[in-house]
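First up is the structure itself, then whatever we jot down about it.
Every chain is numbered from 1 and lettered A, B, ... according to where its sequence line falls, protein lines coming before strand lines.
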Protein chains: 4
Amino acid sequence: MTSRRDPEGRRRAMVEAAVQEMIANGSSALTHRRVAERARVPLGATTYYFDSLDDLRAAALQAIVEQVDEELREFAEDVRGCDGRPEGIAALFTAYLSDRERLRAESLLYFAGMHKPELRPFAQHWVLGVTEILQAYASPEAAQATAVYLDGVILHTLLNDRPFDEAALRMAITALMGTSPKDRT
Amino acid sequence: MTSRRDPEGRRRAMVEAAVQEMIANGSSALTHRRVAERARVPLGATTYYFDSLDDLRAAALQAIVEQVDEELREFAEDVRGCDGRPEGIAALFTAYLSDRERLRAESLLYFAGMHKPELRPFAQHWVLGVTEILQAYASPEAAQATAVYLDGVILHTLLNDRPFDEAALRMAITALMGTSPKDRT
Amino acid sequence: MTSRRDPEGRRRAMVEAAVQEMIANGSSALTHRRVAERARVPLGATTYYFDSLDDLRAAALQAIVEQVDEELREFAEDVRGCDGRPEGIAALFTAYLSDRERLRAESLLYFAGMHKPELRPFAQHWVLGVTEILQAYASPEAAQATAVYLDGVILHTLLNDRPFDEAALRMAITALMGTSPKDRT
Amino acid sequence: MTSRRDPEGRRRAMVEAAVQEMIANGSSALTHRRVAERARVPLGATTYYFDSLDDLRAAALQAIVEQVDEELREFAEDVRGCDGRPEGIAALFTAYLSDRERLRAESLLYFAGMHKPELRPFAQHWVLGVTEILQAYASPEAAQATAVYLDGVILHTLLNDRPFDEAALRMAITALMGTSPKDRT
DNA sequence: TATGAATGAGTCTTCATTCAT
DNA sequence: GATGAATGAAGACTCATTCAT
């Protein structure tokens, strides 16, 4: 059992357990009991540390957002590393797609944002972040188009067993990054 | 109350109520009670007509799939009408995006497929359908890339109040439809 | 489906189905639906022919009593055939015990009688019948003692996979049949 | 209401209520509601303390088994007290038969064992126990025959208002206890 | 006469939340 | 501060019985 004398640790353990539970079974499957069991914490602790189950859910989503932040930082650095070239981005993203847990976690933010308007900022975090990163190498419009496409790719990947074809990714990114406002006819 | 002695009508009413309920609050919020109330049907009717809540949910998803089918048929015709030109497709799709209920319904298929592998065929229906339609005017790869991008656009639209910019849509579609395998370096 | 134009046949089919259902799952597992399904009769028929489920249950128990009657007649004849000798009775009874469905059916009468006083006559039918048969070859007291013992044997058999040992049966019957009032000290 | 904050007491109260309910109306009549009402406990408590109704039923049957154990211990001592003489056993058993609640409780084990093979050990407990006790004063075969007969007597008593005749009991026990393997012809 | 649609009462069960300790 | 006992509301589901047709 998580130590009684480490409030912060317990809190983290519960949030992490909530995230895992939501990834595994969806947001609505979250219950105090399951979190307590998974976090190896007494049942009472879940309500002692969080005012309500919704609070706990929100904390879990917040944790996912923070993880997304971290990923975006890494992604930004890696994109710099390959000088923003489409082939490089395609390779980086292919690697990103291989961690399905991560994708599922992100998709939780979408679910949440769709049914609770106040959670939309969480859901938009990823697209906005990617758009910003790509703007260093393409027009704002091209960057956004690419980010939106990549979101579609994530969706597609979550609904297929096979990984997304890297060549297709490269092709699409190349096409989209190269566009610019003047292309608008 | 839905007229008694009209089994088919009652069934339809309940399925429709289930769809509405899921659109409003997500698949997991579906309960017999809410469906009964929305369909103006006694509680017992929901279990009399459907062996289980899962059955009812499945019927609702099936209904959405059928609606998607209908939309794909219309879309196919409209795309033919504009000769598959990107500007035309962008215009058509902008119109499509304006019906948020429809988008939310479709997104239900995605989320359902994410947590229940057996429902994946439902979830892939739309992308596969769009890809097939676009193949008449672009390489298979370009068609799929465009379809995946459009899925991303749907997601983006659902998470924003403002409608998706049609010019951006046109730009991206133009870029993606024009790609072909030989572009792959 | 049992013919619509044979009311008596339908009735019999439902009663028989009820008996089978009760033998298989106990009296309390009886439902209109299961009877209708087993008897291949529309659901409505079960309430059309029987005022209530309890009525149907009673009819089923009555049918078992009638079967017991038939068995008692056979038993009486067979006992006459072996002149009431204990070895003969033991052999006959061993054969009787081999049909577990029959035993389970009889035990239903016991259950029923235990919880519904008005059904006690049904439950006592078997012991009284056997007692009467044996009285031709032993004192009333010996006959009753033997019948009670045989009831214990039925119980024992239903609770064991292995058949009851015929030698033990012969020994006990011999001992009990030979007793007489004057043995009472 | 059973005092809160006395888990063991509440548990016992519910088990006892379940036993009473089953004695009164049979195993299959057991419901959470009736137990809660009889034990003067809120409905939720019944499922908080027992994972399922079957669990509660099992606990009740277990409690009956324990009571049977206690009775067997007493019976063993009393039988020793009368030196295993048939008249003594008959007298003891007559007293035993006078407590109908006890008989009904024991019969629950029989009926349970009949429909659920995994509960057979419970059902056989009494016969095996009595057989073992009597073996100190008779051959194993005679002991078993007597025990089986006594089971029949219990059944008979439960199905009759009048108590079982002690003289008949004495006669039968005398006859059965005196038998021995060599009597088998 | 016969049937299957219909429903409301009642079953088991889960769980967020409260609160005594 | 911490916990686990406690409970009431709500959920899925079953089914005897009623009744329109």
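- Under 4.0 angstrom from either OP1 or OP2 of F:dG4 there lies no side-chain N or O belonging to D:R10.
- The listed nucleotides are E:dT13, F:dC13, F:dT7; the one nearest the side chain of D:P42 is F:dT7.
- Looking only at side-chain heavy atoms (C-beta outward), D:Q20 and D:E101 come within less than 4.5 Å of each other.
- The distance between atom NE2 of B:H32 and atom C1' of E:dT14, rounded to the nearest whole Å, is 16 Å.
- We find that OH of D:Y48 is positioned 4 Å from C1' of F:dA5, with the value rounded to whole Å.
- Look at E:dG10: its Watson-Crick or wobble partner, with both distances under 3.5 angstrom, is F:dC13.
- Comment: B:K116 engages B:D54 in a salt bridge, judged by a side-chain N to carboxylate O separation of less than 4.0 angstrom.
- Residue B:R33 is the one, among B:R33 and D:L43, whose nearest nucleotide of DNA chain E lies closer to the 5' end (criterion: closest heavy atom).
- F:dG4 is paired with E:dC19 under the Watson-Crick or G-U wobble criterion, all donor-acceptor distances under 3.5 Å.
- Each of B:L53 and A:A45 lies near DNA chain F, and the nucleotide nearest A:A45 is the one positioned closer to the 5' end.
- A:R34 has its CZ atom 10 Å from the P atom of E:dT14, to the nearest Å.
- Taking only side-chain atoms of C:Y49, from C-beta outward, the nucleotide of E:dT17, F:dT17, E:dA2 with the closest atom is E:dA2.
- Counting only heavy atoms from C-beta on, A:T31 has its side chain closest to E:dA16 among E:dT14, E:dA16, E:dA5.
- Between the CG atom of A:D55 and the P atom of E:dT17 there is a distance of 9 Å, rounded to whole Å.
- Residue D:L30 contributes atom CG, which lies 11 Å from atom P of E:dT13 at whole-angstrom precision.
- Rounded to an integer number of Å, the gap from CD of D:E37 to C1' of E:dG10 is 14 Å.
- Inspection of the A:R120 and A:H125 side chains reveals no N or O donor paired with an N or O acceptor under 3.5 Å.
- Between A:G44 and A:A29, the residue anchored nearer the 5' end of DNA chain E, judged by the nucleotide with its closest heavy atom, is A:A29.
- When each of D:R34, D:R57, D:R33 is paired with D:E21, the salt bridge (Lys or Arg N to Asp or Glu O under 4.0 Å) condition holds for D:R34 and for no other.
- Closest non-hydrogen pair, D:V15 versus D:A60, comes out as CG1-CA, 4.0 Å.
- At whole-Å resolution of the value, CG in D:L56 and C1' in E:dC12 are 12 Å apart.
- Atom CZ of D:F50 is separated from atom P of F:dA5 by 13 Å (rounded to the nearest Å).
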